[in-house]
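Here the structure is laid out as structure tokens; the discussion comes afterwards.
Residue numbering restarts at 1 for every chain, and letters A, B, ... go by the order of the sequence lines. Given the structure is predicted, the values throughout are model-derived calculations rather than measurements.
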Number of protein chains: 2
Amino acid sequence: MARQKDDIKREKILDAARQLVINTGFTSLRMAEVAQKAGVATGTLYTYYKSKEALINDAYITTKKEIIELLTDPVHIEQTTYLTLKNVWMAYFYFCHKNPDKMLFVEQFIYSGYIDETIIEKVDEGLYEVFKYVEKGQKEGIIKNAPIELLQAQIQAPIHDIIKLIHKKQIKLTKNYIDSCFQMTWDALKQ
Amino acid sequence: MARQKDDIKREKILDAARQLVINTGFTSLRMAEVAQKAGVATGTLYTYYKSKEALINDAYITTKKEIIELLTDPVHIEQTTYLTLKNVWMAYFYFCHKNPDKMLFVEQFIYSGYIDETIIEKVDEGLYEVFKYVEKGQKEGIIKNAPIELLQAQIQAPIHDIIKLIHKKQIKLTKNYIDSCFQMTWDALKQ
DNA sequence: TGCTTAAGCGAATAATTATTCATTTATTTG
DNA sequence: CAAATAAATGAATAATTATTCGCTTAAGCA
């Protein structure tokens with residue numbers, strides 16, 4: 001037959017899109033720039049995606065899936081709820097630090113104006129797994145009995161804020177710095 | 001002479017812009033829609049602002065100033081650091097709850113692609129006042145000795161996340177709910 | 001009350017940018 | 001190795017949308 005679509009090229013396109021969004025905002029995201037940054041011609045974008053909207057939505061879906069897989073990896077599970085949560089928290093923190101473009105893209109996507117509304121809840125379902133660790137801690141009387149979404153906000157929101165800060169002000173990370181972040185979150189959660 | 005520009009109309013324009021951004025994203029913000037929502041003609045926008053960029057930047061500056069004035073209002077000051085911080089936190093929480101469009105607009109602005117870079121730091125200077133309450137608590141040995149920006153993240157990020165949630169899922173607020181939010185934040189901060 | 005002048009209007013225009021498509025290039029397979 | 005076919009290209013086109021401008025309206029002032 002003939003040539004096949006190249007998954008590495010697709011990934012380069014998504015990377016380019018995410019990076020451009022983070023550097024210059026969703027409004028300034030131009031298909032021509034995505035193509036240039038990805039090292040392909042503008043027209044090529046349309047053999048991989050039927051529209052700009054489809055491209056952006058795919059960038060969301062694939063990135064979110066990657067994050068959920070990371071968070072629900074059984075490798076984090078330990079004997080105590082404290083240690084399990086710490087592992088998950090650390091894994092997410094490092095992921096965000098290493099991939100600020102992915103984290104920020106996912107966070108910003110909802111306000112992009114390109115949302116295909118149907119996909120958001122579907123993708124988010126995978127997160128329930130993570131909440132189970134928190135609910136387990138509640139049953140054990142270790143974690144506060146607040147509504148689960150409040151606890152979730154206490155866990156994830158500061159991470160995002162701190163990563164933005166690190167990124168913006170080029171603060172360098174020390175073990176100490178990260179540990180005191182987690183300590184604050186744990187103090188917020190614990191009974 | 002002749003007619004004067006109408007500050008109420010200007011406010012309506014800014015309101016319209018903020019609401020549209022929150023409902024449909026920055027990318028879908030069209031001058032024609034802003035005009036319609038504000039109840040003026042498209043051309044009128046240009047007697048108030050020389051460009052779309054100028055309009056959006058003004059929406060940012062004025063909103064951010066409003067927030068900073070709220071946070072630095074001396075009325076919040078009490079005998080103890082705990083009570084002062086609680087007052088400021090509550091004031092900000094209620095503001096965000098009542099004006100989610102203002103809070104979200106300010107939060108999203110950085111990623112809008114319309115930033116006039118020079119203004120951001122200038123406007124943010126006013127926030128130092130608020131950090132002083134936190135630093136005071138550190139000197140008193142009441143608040144953890146973590147870097148100030150980490151403490152700031154612990155304070156503000158969960159509020160933003162929770163307001164988004166309330167807005168999205170139409171959770172109804174109870175006194176209890178709000179108090180347990182603040183309790184978590186305080187536990188995160190306190191020594 | 002009438003004159004002056006800037007606000008207000010919105011259709012027409014200019015600019016911008018997503019998408020298409022005729023052509024070229026490269027991969028697959030018999 | 002050659003034929004078949006789909007990917008890749010990027011200039012041309014279509015679509016979208018910010019901005020302008022000639023005209024109308026109304027606020028301020030003598």
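- Contact between the side-chain N/O atoms of B:Thr47 and the OP1/OP2 oxygens of C:dA7 is not found at any separation under 4.0 Å.
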Residues B:Gln154, A:Gln154; criterion side chain to side chain contact (heavy atoms under 4.5 Å, CB included); working and verdict | CA-CA 8 Å; B:Gln154 288 289 339; A:Gln154 287 289 339; 4.2 Å; yes

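- Listed candidates were C:dT28, C:dT19, C:dG8. Nearest to the side chain of A:Gln4 is C:dT28.
- Considering only side-chain N and O atoms, A:Tyr46 lies nowhere under 4.0 angstrom from the phosphate OP1 or OP2 of D:dA8.
- Among the atoms of the strands shown, none is found under 4.0 Å from any heavy atom of A:Leu55.
- Relative ring orientation between A:Phe131 and A:Tyr128 is described as perpendicular, the plane-to-plane angle rising above 60° on a 0-90° scale split at 30° and 60°.
- The residue A:Tyr48 sits close only to the backbone: its heavy atoms come under 4.0 Å of sugar-phosphate atoms, none of a base.
- With distances taken from any side-chain atom of B:Val40 to the nucleotides D:dT17, C:dG8, C:dC9, the minimum falls on C:dC9.
- For C:dG10, the OP1/OP2 oxygens have no side-chain nitrogen or oxygen of B:Thr42 closer than 4.0 Å.
- Ionic pairing of A:Lys190 and B:Asp187 is not present here: no N-O contact between side-chain nitrogen and carboxylate oxygen is shorter than 4.0 angstrom.
- The pair B:Arg18-B:Glu66 fails the salt-bridge criterion, with no side-chain N (NZ, NE, NH1 or NH2) lying under 4.0 Å from an Asp/Glu carboxylate O.
- We find that A:Lys37 and A:Glu33 are not joined by a salt bridge, their nearest charged nitrogen and carboxylate oxygen being 4.0 Å or further apart.
- Note on B:Thr44: every side-chain N or O is 4.0 Å or more away from OP1 and OP2 of C:dA7.
- For the helix from C:dT1-D:dA30 to C:dG30-D:dC1, the end axes, each set by the C1' atoms of five terminal pairs, are bent relative to each other by 30° (nearest 10°).
- At a cut-off of 3.5 angstrom, counting only N and O atoms as typed in the model, there is a donor on one side and an acceptor on the other between the side-chain of B:Arg3 and the base of D:dT25.
- In this structure, A:Lys9 reaches the sugar-phosphate backbone alone: every heavy-atom distance under 4.0 Å involves primed, P, OP1 or OP2 atoms, never a base.
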Determine, step by step, whether A:Tyr60 and A:Phe109 satisfy the ring-ring contact (aromatic ring centres under 6.0 Å, His included) criterion, reporting the C-alpha distance in whole Å, the side-chain angles of both residues, the deciding distance to 0.1 Å, and the verdict.
-> CA-CA 7 Å; A:Tyr60 175 76; A:Phe109 174 74; 4.2 Å; yes

